[in-house]
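Everything below concerns the one structure shown next.
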Amino acid sequence: MSQETVTFSINEKEITVPKGTTVMEAAKKNDVYIPHFCWHPGLPIAGVCRFCMVKVDGRPKMEIACNLQATPGMKVFTETPEVKDTHKWALEFHLVNHPLDCPICDQAGECRLQDYYMEVGKYKSQMERPKVLKPKALPIGDDLVLDTERCILCDRCVRFEEKITKTGALGIFNRGDRAVVGTYPDKKIHHNYQTNLVDICPVGAFTSKDFRFKQRVWFLKDKPSVCPGCSTGCSVDVYAKPEVRSYFRVKPRESDVNGHWMCDVGRKTYRHMNQEERLRSGIVTGADGFRTRSRFDEAASVLAAKLLEADTNDIALLVSPQYTCEEYNAFFSFFVGKLGVKKVFQWREPTEKIETFDGILYRGDHNPNTRGLADALKKHGLPSDVKNGFDDLARSGAKLVIALVPEIGFQYPSLNAQISKLEELSFVSLWTINGTVFSHKGIAHAIPMKGYAEKKGTFVNFEGKVRELAHAFPAGSDDARDVVEVVAVLSEVLSHSN
Amino acid sequence: MTQEKPKILLKFEGMPNGRALKTYMAHSGYEALKKAFAMSKEDVINEVKASGLRGRGGAGFPTGLKWSFVPKDMPGPKYLICNNDESEPGTFKDRHLCSVSPHMVIEGMIIAGFAIGANKGYIYTRYEFQEEIGQVEAAIKEAYEAGLLGKNILGSGFDFDLDHYTGAGAYICGEETGLISSLEGKKGQPKLKPPFPAVSGYLARPTIVNNTETLANVPHIILNGAKEFRKYGSEKSPGTKLFSISGALGKPGVYEVPLGYSWNRFLNEEAGGLLPGLSLKALIPGGASAPLLTPKECEDLTLDYECMAAKGTMLGSGAIMVIDNRQSMVELLRCTIEFFAHESCGQCTPCREGTGWLNNIMVGINDREVGADSVDRLHLVSKQMGGRTICALSDACAMPVMSYVQKFSDELKAHLAKG
């Protein structure tokens with residue numbers, strides 16, 4: 001069925017859009033920028049900031065683009081002197097009571113108010129008398145701090161709580177220039193989507209406890225990736241300072257999977273890649289039984305030697321669903337295809353409830369690639385059902401176990417208990433980014449892995465959509481590798497030995 | 001144009017037991033309703049259209065036209081709301097009307113409900129009208145008992161239920177979509193338009209909001225015809241209108257006169273003229289949000305929509321405030337701005353920050369804490385507040401401020417210079 005369309009013009013350029021499209025949406029699609037604060041593509045229209053004023057030919061008053069449906073032949077102008085003057089004044093009104101504390105505000109550098117000031121403002125304040133003072137530094141949620149003085153009352157956060165989380169946790173209280181955003185008395189925000197409020201806040205009213213005061217945003221680099229926190233596979237941008245190998249935050253990137261949002265659990269998936277938490281070097285055990293840290297090459301050759309000695313029937317693989325399809329393919333091609341290993345077990349969290357779903361984004365399967373792993377297992381003729389394989393592994397009598405440890409350790413409450421179980425087996429090689437493995441004295445061997453933001457590849461999400469990890473930061477440690485790289489080295493060493 | 005002084009809306013004023021249903025019935029009360037039930041819905045709307053009745057709440061929008069915006073064949077409930085939340089400073093005509101003739105309002109509502117296909121109506125009365133609230137509720141009870149409200153009214157097959165509701169005293173709840181928000185139990189703030197209430201109003205259903213006085217005119221129009229209604233007033237402003245006049249006058253109060261009535265005659269005959277020894281300094285012709293007029297501008301003034309518009313002000317709700325020569329324009333302007341800054345709901349930025357900013361400047365002027373350019377800044381800021389917001393409160397603040405600055409800037413500047 002063909003959709004009805006409307007042809008109209010913006011700045012005398014003809015545009016055809018589906019009927020019902022607003023001028024704001026049409027402009028956005030056609031790269032015409034109409035400044036705005038309260039409009040957000042993921043939220044209902046509020047029409048309160050009155051910033052997106054445009055001139056429509058033949059109409060006496062200017063109109064807001066966000067609530068203006070394009071009609072045939074409509075002529076919209078976004079850059080006439082009258083419109084620009086309106087924008088300048090709209091900015092001035094927004095700044096009348098704003099504290100202008102940019103130098104100490106976390107939003108500086110990604111603040112629309114600041115951006116517009118540089119674009120259309122740059123004037124001196126006309127205020128001769130004190131501004132309206134409002135409450136500051138309010139610990140309004142588990143991860144949120146609210147500054148109601150910086151707030152421009154755009155209502156985005158209120159609409160988010162109404163329409164997305166459906167908690168109605170926020171409201172605007174009082175009236176006129178005394179109006180403040182806040183929660184109801186003695187209530188705080190506790191849900192799993194809080195930090196979206198920080199993202200959608202166009203100014204520095206909402207800041208994240210996790211991120212505030214840690215880093216100026218202009219020092220950060222961001223790369224698109226996919227959240228590994230659950231099987232939804234939200235598109236994200238990971239923010240890091242690669243020169244000091246530090247990660248700072250994860251933010252959602254718009255996609256058809258997650259819309260504009262992501263959950264707070266997913267936001268935590270950067271910490272394990274930082275120096276203090278990750279396994280930066282390999283672990284090897286000498287002939288004297290002492291464990292030492294090692295470079296990657298040494299750890300790889302120790303493992304290669306073990307593989308050469310071992311009977312294929314004594315080798316077992318323990319695989320978690322937190323690696324990319326490309327890694328599984330390389331891993332199984334080598335161990336199953338080439339070496340003929342038959343004992344393959346899945347590493348699952350025993351307490352997981354994979355069928356649960358919060359109705360927004362977060363799923364009970366806390367692995368980004370359960371589907372990808374199942375596909376890879378099937379492809380290599382192995383049983384692919386989701387099953388925690390720890391007991392089977394113990395019974396299998398394997399003497400050499402190679403384990404792809406779950407990357408996101410906090411999603412595996414039993415992780416340390418499970419690693420302890422592995423300590424009882426004869427020789428276990430853990431491939432992991434998790435720094436805590438070193439404290440497990442029985443673990444004789446480990447290879448340090450790259451984090452998800454440091455590799456390219458794909459996950460397959462719960463509904464079978466391929467999610468691409470499109471860009472990679474340099475590895476957070478010199479010895480970190482992804483599975484493809486480790487397998488390549490092992491394969492190389494083994495082929496020379498034959 | 002006639003200068004007769006008919007009593008239509010205030011027919012029952014001063015009549016013994018005039019508020020009672022019995023009295024109302026004795027003077028052809030609810031006859032218009034019977035007549036309406038014998039007409040088609042379209043004919044009722046057309047009769048009101050032909051009468052040229054304009055909304056008496058302030059904006060003066062043609063009532064029949066407003067009714068015709070309600071989608072006719074849309075299934076599901078529709079609503080009629082009587083806006084009795086009279087809160088424009090200086091206005092007290094609806095208070096008087098609903099006290100004198102509550103049944104005239106109720107009859108008007110049933111007819112309007114019938115015409116637009118609404119089976120449920122609300123009267124939304126200003127909280128402070130405690131005495132009138134009781135009177136309106138008593139009248140609703142009487143009407144229910146007489147079978148004039150409820151199911152199958154007068155055997156017509158038409159059902160109409162009427163409830164009474166009071167706000168919490170906010171000026172903004174007199175704005176029709178602010179009123180609807182309040183009635184819905186939400187914070188009283190205006191809604192973004194489009195969609196307009198006639199399509200999506202109360203509970204997102206088609207809703208008509210009419211002023212009390214507007215609805216009270218309906219029985220007269222239906223019973224006696226549009227032509228009879230047009231006997232008074234002018235071509236574009238037909239009918240009679242209530243004016244509430246206040247100030248240092250011989251007889252301040254509420255008066256009914258035909259639209260187009262001479263201002264000078266109204267001042268001197270109805271309102272009893274200025275008190276001895278006083279002279280006119282300024283006139284606020286339509287509530288605090290109307291730009292004020294100088295005595296010279298008042299010389300040939302007539303009380304109708306067109307004349308007011310020609311003089312750059314508005315008839316508004318018919319709230320006339322007479323400012324005599326003793327009054328300080330600084331104090332008057334300070335009070336006016338303070339009112340709007342207090343009553344702005346705060347959702348649109350130009351209004352929220354603009355009214356507050358004006359108040360801030362005005363306090364500075366009053367206390368002589370700011371420079372002489374502040375008077376001009378009042379005008380500059382006001383100019384940017386007009387026509388930019390969801391509702392008209394921003395304009396309602398900006399328009400009078402600009403008129404004060406234009407017409408009394410010398411007095412404002414002289415006040416600052418004294419410091």
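Only this structure's heavy atoms are used, side chains among them; waters, hydrogens and symmetry mates stay out. So that the names make sense, note that chain A is the first sequence line, chain B the second, and so on, each numbered from 1. This one's a predicted model, so the numbers in the text were calculated from it and none came from an experiment.
Partners of A:Ser9 under the side-chain hydrogen bond (donor to acceptor under 3.5 Å, both in side chains) rule, at least two apart in sequence or in another chain, do not exist in this structure.
Heavy-atom distances place both the backbone and the side chain of B:Leu380 under 4.5 Å from chain A. Looking at A:Ile64, only its side chain comes within 4.5 Å of chain B, counting heavy atoms on both sides.
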To see if you've got the definition right, give the donor-acceptor pairs under 3.5 angstrom between chain A and chain B.
residue: A:Val48; atom: O; partner: B:Thr349; partner atom: N; Å: 3.1
residue: A:Arg50; atom: NE; partner: B:Arg388; partner atom: O; Å: 2.6
residue: A:Arg50; atom: NH2; partner: B:Thr389; partner atom: O; Å: 3.4
residue: A:Asn67; atom: ND2; partner: B:Pro194; partner atom: O; Å: 3.1
residue: A:His94; atom: NE2; partner: B:Thr349; partner atom: OG1; Å: 3.2
residue: A:Asn97; atom: ND2; partner: B:Glu353; partner atom: OE1; Å: 2.8
residue: A:Gln126; atom: O; partner: B:Arg377; partner atom: NH1; Å: 3.4
residue: A:Gln126; atom: OE1; partner: B:Arg377; partner atom: NE; Å: 2.8
residue: A:Glu128; atom: OE1; partner: B:Ser374; partner atom: OG; Å: 3.0
residue: A:Glu128; atom: OE1; partner: B:Arg377; partner atom: NH1; Å: 3.4
residue: A:Glu128; atom: OE2; partner: B:Gly371; partner atom: N; Å: 3.3
residue: A:Arg129; atom: NE; partner: B:Asn360; partner atom: O; Å: 2.9
residue: A:Arg129; atom: NE; partner: B:Asn360; partner atom: OD1; Å: 2.6
residue: A:Arg129; atom: NH1; partner: B:Glu369; partner atom: OE1; Å: 2.4
residue: A:Pro130; atom: O; partner: B:Asn360; partner atom: ND2; Å: 3.1
residue: A:Ile152; atom: O; partner: B:Arg352; partner atom: NH2; Å: 3.1
residue: A:Ile172; atom: O; partner: B:Lys187; partner atom: NZ; Å: 2.9
residue: A:Asn174; atom: O; partner: B:Lys187; partner atom: NZ; Å: 2.8
residue: A:Arg175; atom: NH1; partner: B:Glu343; partner atom: OE1; Å: 3.0
residue: A:Arg175; atom: NH2; partner: B:His342; partner atom: O; Å: 3.1
residue: A:Arg175; atom: NH2; partner: B:Glu343; partner atom: OE1; Å: 3.1
residue: A:Gly176; atom: N; partner: B:Ser344; partner atom: O; Å: 2.8
residue: A:Arg178; atom: NH1; partner: B:Ala341; partner atom: O; Å: 2.9
residue: A:Arg178; atom: NH2; partner: B:His342; partner atom: O; Å: 3.1

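Among A:Leu95, A:Leu68, A:Val132, A:Ile152, the residue making the largest number of heavy-atom pairs under 4.5 Å with chain B is A:Ile152.
Atom NZ of A:Lys75 has 12 or fewer heavy atoms from other residues, nucleotides or ligands within 6.0 Å.
Taking each heavy atom of A:Cys49 and B:Pro350 in turn, the nearest pair found is O-CD, 4.3 Å.
In this structure, B:Leu192 CG and A:Cys38 SG are separated by 8.5 Å, a value rounded to the nearest 0.5 Å.
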